[in-house]
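Below, chains carry the letters A, B, ... as their sequence lines are ordered, and counting in each starts from 1. From a predicted model like this one, the values you see are computed outputs, not experimental measurements.
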Amino acid sequence: MKETVAFVFFLSFVFFLALSKDWRLFLAVVFLALPFVRLKRLFALLILLVVVSLPYLFFHPSGLSPWGWMLMFNLRAMAMALSSAAFFSFVNLLKALSFSRTLRALFSLSYAQFSSYKRTYGSFYSALRSRTLRKRLGRSFFPYAGAVFSYFYRLSEKRAGEMNQALRSRGFYV
Amino acid sequence: MFELREVWFSYGRETVLKGINLKLKEGERVVLLGGNGCGKSTLLKLMDGLLFAEKGKVLWKGRELTPSGLRKMEEEFRRSVALLFQDVEVMLFNPTVEDEIAFGPRQLNLQDVEERVKKWGNKLGIKPLFKRSPAELSIGEKKKVALASVLVLEPEVLLLDEPLSNLDPRSTGEVIDLLWELHITTVVATQNLSLAAELGERAVLLSEEHRIIYDGDFEGLFLNRDLLLQANLLHLHRHRHGRLLHSHFHPHDWE
């Protein structure tokens, strides 16, 4: 119950952040959350923000400076993402979702899918490395990326159907 | 308990079941045999109401399994019929083994969930794994967890798709003993000819042409080598003893 209440409060806070335009608040949230976030996750977030922001830098409406929008967008995204990461390092989402059987099952299902894909991708990458010289990895990368994409697409399609059947078989839709 | 009357089923243009007729009595133990892709898994899914016959009828306790028919009795049906999938990974998605086993009973609002979970965890020897994530387990352990998660429903009919694959010899023996202790109707799909007779009394053989070509006891089946060859469960094995070339038939699963 405690977790559910905390989760509801946190969701309201995230909505508030999404609507806010106060960069000082974003900055404060980022600094407060930073000690609870793993470096790897922080790097991943920074890369994502750069990828999302770059096109705007080149294709922003003419006559307007892009910097204000970019600063606000990136700070807001960082505040939301880092506060979520910090929050879930303290609160178990499964317990927070215990009020709904369906939500809990859906979260478990997504988590299991993610873990399984992560493992499969690890195997794919190891198989590539075991058959490729480090220097030539660059040349092999595009066919490899294509194969991975196509494999995961087919796997997702097949798995989704089978998982749905497994859920139905164990009474999920009753 | 179950009756299949002239059942046909296709995936797109590929027909995987052709005119299947099968009657299952209460308490019967049926072993469904056949090579890869002959339609064993599809037949089990039809009996579990996950797929529906294109032509013909699948009847459970005299009631036809159609999408609308099943909707009306789904709770009763799901409590009575349980399926162990061939790829057990699709069944395991809860954070802990304990939650995984409790998933079905919770969905179906069964009583005594905790007692059931403990009982089946003990029977399958997986209680020490209860706090672990199913994702971390070995494939044999995953198989046992998936088996516990269907047995915990204590169904009247148990459908098992390759339940012994990836199990070590000791676990294989334990699962076979457990299945004999159950005294419920079971349909086991397997291509393991060496262990088939230990899984039931009645053998149903599916050919590569997706038809039932044998339905009877194991003695009759094992004496009919042509049928086993036709179903791709036997092959001619050749090897040399020095200069002498020797050949004989044996099942694919013999090592």
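Interface remark: B/Leu92 contributes backbone atoms only to the contact with chain A (heavy atom separation under 4.5 Å).
Looking at B/His210, its side chain never comes within 3.5 Å of a backbone N or O of B/Lys18 through a donor-acceptor pair.
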Heavy-atom donor-acceptor pairs under 3.5 Å, chain B with chain A:
residue  : atom : partner  : partner atom : Å
B/Lys45  : NZ   : A/Glu162 : OE2          : 2.3
B/Lys45  : NZ   : A/Gln165 : OE1          : 2.9
B/Asp48  : OD2  : A/Ser169 : OG           : 2.7
B/Glu74  : OE2  : A/Arg168 : NH1          : 3.4
B/Arg78  : NE   : A/Arg168 : O            : 2.9
B/Met91  : O    : A/Arg170 : NH1          : 2.7
B/Glu100 : O    : A/Arg170 : NH2          : 2.8
B/Glu100 : OE2  : A/Arg170 : NH1          : 3.2
B/Glu100 : OE2  : A/Arg170 : NH2          : 3.1
B/Arg106 : O    : A/Arg101 : NH1          : 3.2
B/Gln107 : O    : A/Arg101 : NH1          : 3.1

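Counting heavy-atom neighbours within 6.0 Å of B/Glu114 CD, excluding the residue itself, gives a total of 12 or less.
Classification of B/Glu174 and B/Lys144 as a salt-bridged pair holds, one side-chain N sitting under 4.0 Å from a carboxylate O. With respect to the salt-bridge test (charged N to carboxylate O, under 4.0 angstrom), the residues B/Glu6 and B/Lys55 do not qualify.
Under the 30°/60° scheme for interplanar angles, the aromatic rings of A/Phe10 and A/Phe88 are found to stand perpendicular.
Under the 6.0 Å cut-off for aromatic ring centres, A/Phe87 and A/Phe36 do not qualify, their centroids lying 6.0 Å or more apart.
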